[in-house]
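Take a look at the structure set out below.
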Amino acid sequence: MHNENSLYYRDGQLFMDGVSLNAIAERVETPFYCYSSAAITAQIADCQSAFQKLGASIHYAVKANSNLSVLRLMADAGLGADIVSVGELQRALAAGIQPSRIIFSGVGKRRSELLAALQAGIFQFNVESLPELQQLADLCRQQGCTAGVSVRVNPEVDAATHRHITTAIKGSKFGVPLEQLETALDLIVQSEALALHGLAIHLGSQIVDVAPYRKACRRLRNLLNDLRQKGYVITHLDLGGGFGIDYGEGRYLDFHRVADTFHQELQELNVKIAIEPGRSLVGSAGVLVSEVVYRKEVEPLPLLILDAGMNDLMRPALYQAEHRVMPLVESGRPVETCGVVGPICETTDRFLQRTDLPAIQAGERVALLQVGAYGAVMASAYNSRDMIPEVMVSQNRYRLIRRRIPQSDLMAYEMDG
Ligand code: LLP
């Protein structure tokens, strides 16, 4: 697993599975995202085999990569989806994901979004506040339907990840605070329109240690025992996502370790477990292929200026994330220390402040690694740049799975005059 084995040099060219990335770049203008379907299906299979012994249901967090062709791989493997908007609902359904396997998360679901999800007949709403619960109950009464509900609770466990992607600490905007949990459960029990499933948590993202999960499981176990004693019927636990991938430091969370932890901590509870992995299913399966526009000889380090920018891949600018770079051609040139930046007029448009690479010249191409999750989905058209294409490699073939959205199309939405 964690499959850099889908990337390798053959005859000096960087390949993804059976296709040379330079061969794609001859046909698809850089920059573009490129995913390995084999790497994604391998991650899905690994996740399924790990969580099978728990009988857990897997709901892919669509936000990580919502391209229809990626979602189709999830649907074909029988996965459900964790969605956070009506747009994600539309995508999941269009890709063939069963409504009975869809969970709707998010702190600000609008009335129209709740309604669309009710009409689609989704499996569960993870409700994050008392007013949302009230809104859902009202809507169900008006529509004459029922909704399956879990309460996302804030377990107050620090996931020890980047501060921008930790979600379960006290005072966070996510989840129902522990002190309001019973009020929420009472609302559900008293409403004929709502069917109580159980509790949900999500600790954060890119978590590389099982310790926060273990701690959260123990809290949930105590909470659940306590609630059951008080008479609440809790049948489901949704443990969220957050399983970290290896961005090059060798630290990541193995699905089997997480599953074993859940099993050890929760096995006597007799509940149906759900998980919502996003990044871990797709993150390592994607690269961003980009051309070096200029090589700028400056102090203290030479800079490679790419045609990809922070608008195409926001993670470095937002979270100081580092995505390693590989040249598309193995040149054998001596290694030098350089910086890697984009063309955008912002200081934060920098991919790597300092990295060691065989000397790369203008006009040559590179791949930024592990960008399959939270890459294309977070892109913008800032600086009036095109939205870049996405490509899927399947064995020794590739196909465009999203065309470039050119400036002319973006301008066509504007009223000039
Ligand atoms: N479930 C819920 C309720 C979530 O909020 C998230 C992610 C997931 C599941 C999936 O988490 P994952 O398995 O992908 O870690 N843009 C950031 C990550 C934001 C994650 C937001 N929530 C990044 O690029 O690192």
Side-chain angles (χ1 to χ4, degrees), residues 33 40 43-44 46-47 50-51 56-66 70 74 79-85 88 92 102-109 124-129 132 150-155 159-169 172-176 199-209 212-213 216 237-247 251-255 258 273-286 288 310 312-323 351 368-380:
Y33 279 97
I40 296 174
Q43 286 304 100
I44 298 172
D46 194 33
C47 186
F51 285 93
S57 60
I58 305 172
H59 305 264
Y60 169 62
V62 173
K63 65 166 80 68
N65 186 324
S66 55
V70 171
M74 306 296 165
L79 263 53
D82 166 54
I83 58 161
V84 293
S85 69
E88 288 190 353
I102 295 180
I103 293 177
F104 196 173
S105 301
V107 292
K109 306 175 194 81
Q124 177 174 302
F125 293 80
N126 284 357
V127 168
E128 300 217 19
S129 66
E132 183 192 344
S150 279
V151 178
R152 175 164 170 189
V153 53
N154 179 354
T161 178
H162 189 280
R163 68 196 160 85
H164 291 173
I165 47 178
T166 189
T167 46
I169 48 179
S172 145
K173 75 168 178 176
F174 300 102
V176 170
L199 303 179
I201 58 165
H202 173 71
L203 300 182
S205 199
Q206 188 53 22
I207 300 170
V208 291
D209 187 356
Y213 288 101
L237 273 188
D238 177 345
L239 300 167
F243 319 140
I245 64 169
D246 186 1
Y247 282 108
R251 301 182 65 216
Y252 64 91
L253 253 191
D254 182 272
F255 290 130
V258 186
I273 289 174
I275 54 165
E276 302 168 351
R279 186 192 316 262
S280 50
L281 296 181
V282 293
S284 298
L288 174 58
M310 63 185 275
D312 303 309
L313 175 64
M314 290 194 47
R315 302 196 68 257
L318 274 182
Y319 320 111
Q320 297 77 51
E322 297 199 341
H323 290 270
F351 292 115
L368 281 87
L369 309 188
Q370 280 105 20
V371 297
Y374 305 112
V377 281
M378 293 179 74
S380 79

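For the single chain, residues carry numbers from 1 onward in sequence order. Each ligand, and each atom within it, is numbered from 1 in the order the structure gives.
Looking at heavy atoms from C-beta onward, Gln206 lies in side-chain contact with Ile245 at the 4.5 angstrom threshold. Using a 4.5 Å cut-off on side-chain heavy atoms (C-beta onward), Asp82 and Lys63 make contact. In this structure, Ile201 and Leu239 have side chains that are in contact, with non-hydrogen atoms separated by less than 4.5 Å. The closest side-chain heavy-atom distance from Gln43 to Val282 is not below 4.5 Å.
Interface of Gly278 with ligand 1, defined as ligand atoms under 4.0 Å from a residue heavy atom, comprises 12 (P), 13 (O), 14 (O). Listed by number with element, the atoms of ligand 1 under 4.0 angstrom from any heavy atom of Ala61 are 8 (C), 9 (C), 10 (C). Within ligand 1, counting atoms from 1 as listed, the ones closer than 4.0 Å to a heavy atom of Met378 are 16 (N). Of all atoms in ligand 1, numbered sequentially from 1 with element shown, those under 4.0 Å from a heavy atom of Gly242 are 11 (O), 12 (P), 13 (O), 15 (O). The atoms of ligand 1 that sit less than 4.0 Å from any heavy atom of Pro277 are 13 (O). Heavy-atom proximity to Gly241, at under 4.0 Å, picks out these atoms of ligand 1: 9 (C), 13 (O). Close contacts between ligand 1 and Arg152 involve ligand atoms 3 (C) [criterion: under 4.0 Å to a heavy atom]. Atoms of ligand 1 lying under 4.0 Å from at least one heavy atom of Asp82, given by number and element, are 1 (N), 2 (C), 9 (C).
Between the side chain of His323 and the backbone N or O of Leu369, at least one donor-acceptor pair lies under 3.5 Å.
Heavy-atom proximity to atom 21 (C) of ligand 1, evaluated over Lys63, Arg279, His59, Glu276, is greatest for Lys63.
The pair Lys109-Glu132 counts as a salt bridge, with a side-chain nitrogen and a carboxylate oxygen less than 4.0 angstrom apart.
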Chi angles and distances behind the side-chain contact (heavy atoms from CB on, under 4.5 Å) call for Leu281, Ile40:
CA-CA 6 Å; Leu281 296 181; Ile40 296 174; 5.5 Å; no
After noting the C-alpha distance and the side-chain angles of Asn65 and Tyr60, does the key distance pass the side-chain contact (heavy atoms from CB on, under 4.5 Å) rule?
CA-CA 10 Å; Asn65 186 324; Tyr60 169 62; 3.4 Å; yes
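An N or O contact shorter than 3.5 Å is missing between Ser105 and ligand 1 by distance. Residue Ser280 has no N or O atom closer than 3.5 Å to an N or O atom of ligand 1.
Looking at Phe174 against ligand 1, nothing comes within 4.0 Å, counting heavy atoms. The proximity of Arg315 to ligand 1, defined as any non-hydrogen pair under 4.0 Å, is limited to the side chain. Contact annotation: for His202 versus ligand 1, heavy atoms closer than 4.0 Å belong to the side chain alone.
A donor-acceptor contact closer than 3.5 angstrom links the side chains of Gln124 and Asn126.
Not a single heavy atom of Met314 sits closer than 4.0 Å to an atom of ligand 1.
Ring orientation note: the planes of Phe255 and Phe243 are nearly perpendicular, at an angle over 60° on the 30°/60° scale.
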